[in-house]
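First the proteins, then the strands, lettered A, B, ... as listed; each starts at 1.
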Amino acid sequence: DAKTTQPNSMESNEEEPVHLPCNHSTISGTDYIHWYRQLPSQGPEYVIHGLTSNVNNRMASLAIAEDRKSSTLILHRATLRDAAVYYCILRETGFGNEKLTFGTGTRLTIIP
Amino acid sequence: DAGVIQSPRHEVTEMGQEVTLRCKPISGHDYLFWYRQTMMRGLELLIYFNNNVPIDDSGMPEDRFSAKMPNASFSTLKIQPSEPRDSAVYFCASITATDRDYGNTIYFGEGSWLTVV
């Protein structure tokens, strides 16, 4: 199974950008890169996803390395509500055989 | 749609008792996943179904755990007999891949918080 590696924790000041890295050196050509976050006492929620190109949405940006072996989730202006555990996930695909494997995640602390 | 619905939200049970956790996926979703989350091991995939058929149960810890999906709108995860080390949050999630868009969002339920004493 393709796996991801993330730092255990990171801190950032409020209203500053945050760059959350993820390594996925064994990614296959058909794996999508997903990012989810988990707020305290809640289930994980979708943040962003991509395949090869960089992606932007209202929550964040996703920068994907050219060789796809790493990616970075970018929160442009962190708020206290962004404090959560962020998971980088490879969505392994195949007809009738999809698997979603979570890594250890990065616990993001926002400093007021 | 109300999202993925799990029940019970919280359960405290005594060691040796049977525990049944329930999940209703989002209508139209053809994949259903059961995850377990603990402080020590994080989020672990236990089993997942495609069109009600179990595809991969390699994450099920032992024979005390079993999961079924009798129809597209209902799944159960059963632990019998339960042990204190089964205490965890159990999440159910569903997605659809019928249109082969692999960017589809994965929807998680709010979790079932299980404590075995």
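- By the 4.0 Å N-to-carboxylate-O rule, A:Arg68 lies too far from A:Asp31 to be salt-bridged with it.
- Under the 4.5 angstrom side-chain criterion for Ile, Leu, Val, Met, Phe, Trp and Tyr, B:Met40 has no cluster partners at all.
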Ignoring hydrogens and angles, write down the donor-acceptor pairs under 3.5 Å from the side chains of residues 84-92 of chain B, residues two or more places apart or on other chains.
residue	atom	partner	partner atom	Å
B:Arg85	NE	B:Glu83	OE1	2.6
B:Arg85	NH1	B:Glu62	OE2	3.3
B:Arg85	NH2	B:Glu62	OE1	3.3
B:Arg85	NH2	B:Glu62	OE2	3.2
B:Arg85	NH2	B:Glu83	OE1	3.0
B:Asp86	OD1	B:Arg64	NH2	2.9
B:Asp86	OD2	B:Arg64	NH1	2.6
B:Asp86	OD2	B:Arg64	NH2	3.4
B:Asp86	OD2	B:Glu83	N	2.8
B:Ser87	OG	B:Pro84	O	2.9
B:Ser87	OG	B:Val116	N	2.8
B:Tyr90	OH	B:Asp86	O	2.7

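- No part of A:Glu45 comes within reach of chain B, as not one of its non-hydrogen atoms sits under 4.5 angstrom from that chain.
- The distance between the ring centers of A:Phe102 and B:Phe108 falls below 6.0 angstrom.
- Both the backbone and the side chain of B:Leu43 come within less than 4.5 Å of a heavy atom of chain A.
- Contacts between B:Gln37 and chain A at a heavy-atom distance below 4.5 Å involve the side chain alone, from C-beta outward.
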